[in-house]
Amino acid sequence: MAERPEDLNLPNAVITRIIKEALPDGVNVSKEARRAISQAASVFVLYATSCANNFAMKAKRKTLNAGDVMAAMEEMEFERFLQPLCEALEAYKKGQKGKKAASEQKRKDKKKSETDENDKSRDEEEDEHMDEEQDGENEGEEEDVEN
Amino acid sequence: MSDANMEEKVEQATSSKTISLPISRVRLIMKSSPDVSCINQDALFLTTKATELFVQHLALSSFKNGSGKETNTLSYSDLANVAEETETFQFLTDILPKKILAREYLKSLEEMKKEDGNL
């Protein structure tokens, strides 16, 4: 159960990224528009859930399944989503099957990735250094102009 | 950021196979619906994916029909317009009301009162 109303929001960063990906490059999305889309997405989830639940209840099932969600999309007249959803689900199922085999492999890789992460943080430190150096140069230039 | 890292990100963004919204949050929203008891894993995945497609669809339709094409902006009013005009987005009109000036609202309130008086 959701404790706070914010728990029913979707994460802003992810929503913003999805919007950016959908729109042509360089389009500015106002803060208000972003918030509105995020709220719309939450309402979409509720609407889809309620539609899907109706189909499950009609079939006297307690558990929502993939067919119910697909039927809900049709009912909501989002037929355009059916094809990409089918493809995504197939890929997801394949991934789930492969996961068991992969999880053991992952455990082996874990040690390796830990050392990788250490490398990453070192890279970031270097980046910061570079920025500082560049700032220093710029200041130098400004002084030259003044003189 | 290294090139390999960049490529990985681009791949994630373009492939339709992965999802970026958190499944746990979507489940929380679904479960907040009072009649829902159980949701199987596939249904949860599909709803999450559908929500992503919906966000893209809503953003793109609003931008295409919106007034900000020249200035490259997407504003709230574009969203409110598309919610009102497009049938599939009608369910959003309650949470995406059109903005009107207080002056206009007062005027329409006045008119409504007059009509009530006439009746």
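Hydrogens, waters and symmetry mates play no part in the numbers below; they use all other heavy atoms, side chains included. In this text the structure is predicted, and so the values were computed from the model without any measurement. Sequence lines set the chain letters: A, B, ... in the order given, protein chains first and strands last, and positions in each chain run from 1.
Nearest approach of A:Ala33 to B:Ser75, heavy atoms of both residues: CB-C, 3.8 Å. Closest approach of B:Ser20 and A:Val14 over heavy atoms only: O-CG1, 3.5 Å. Nearest heavy-atom pair, A:Ala66 versus B:Asn40, reported as atom, atom and distance to 0.1 Å: N-OD1, 4.1 Å. Pairing each heavy atom of B:Tyr76 with each of A:Ser30, the nearest pair is N-OG, 3.9 Å. Scanning both residues, A:Ile18 and B:Gln56, for their nearest heavy atoms gives CG2-CG, 3.5 Å. Annotation for A:Leu23 and B:Phe63: closest pair CD2-CB, 3.6 Å, computed over non-hydrogen atoms.
Interface remark: of the candidates A:Ile15, A:Asn65, A:Leu46, A:Asn28, A:Asn28 forms the most heavy-atom pairs closer than 4.5 Å to chain B. Ranked by non-hydrogen atom pairs under 4.5 Å with chain A, the options B:Val26, B:Asp35, B:Leu96 are led by B:Asp35.
Inter-residue side-chain proximity for A:Pro84 and B:Leu53 is flagged as met; some heavy-atom pair is nearer than 4.5 Å. With contacts defined as side-chain heavy-atom distances shorter than 4.5 Å, the pair A:Val43/B:Asp94 does not qualify.
Heavy atoms of B:Ile39 lying under 4.5 Å from chain A belong to its backbone as well as its side chain. When heavy atoms are compared at a cutoff of 4.5 Å, B:Leu79 approaches chain A solely by way of its side chain, counted from C-beta outward. For chain A, the nearby part of B:Leu58 is the side chain; its heavy atoms alone come within less than 4.5 Å. Contacts of B:Leu46 with chain A are made by both backbone and side-chain atoms, with heavy-atom separations under 4.5 Å. Contact annotation for B:Gln90: neither backbone nor side-chain heavy atoms come within less than 4.5 Å of a heavy atom of chain A.
Other residues, nucleotides and ligands place no more than 12 heavy atoms under 6.0 Å from the NZ atom of B:Lys64. Few gaps surround CD on B:Glu85; more than 12 heavy atoms of other groups in view lie less than 6.0 Å from it.
With respect to the salt-bridge test (charged N to carboxylate O, under 4.0 angstrom), the residues A:Glu87 and B:Lys49 do not qualify.
A distance-only check finds no donor-acceptor pair linking the side chain of B:Arg25 to the backbone of A:Leu8 [under 3.5 Å].
The aromatic rings of A:Phe78 and B:Phe89 are tilted relative to each other, their planes meeting at an angle between 30° and 60°.
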Item to check | Test log, rule side-chain contact (heavy atoms from CB on, under 4.5 Å), inputs A:Leu64 and B:Met30 | outcome: CA-CA 10 Å; A:Leu64 292 190; B:Met30 291 175 86; 4.1 Å; yes

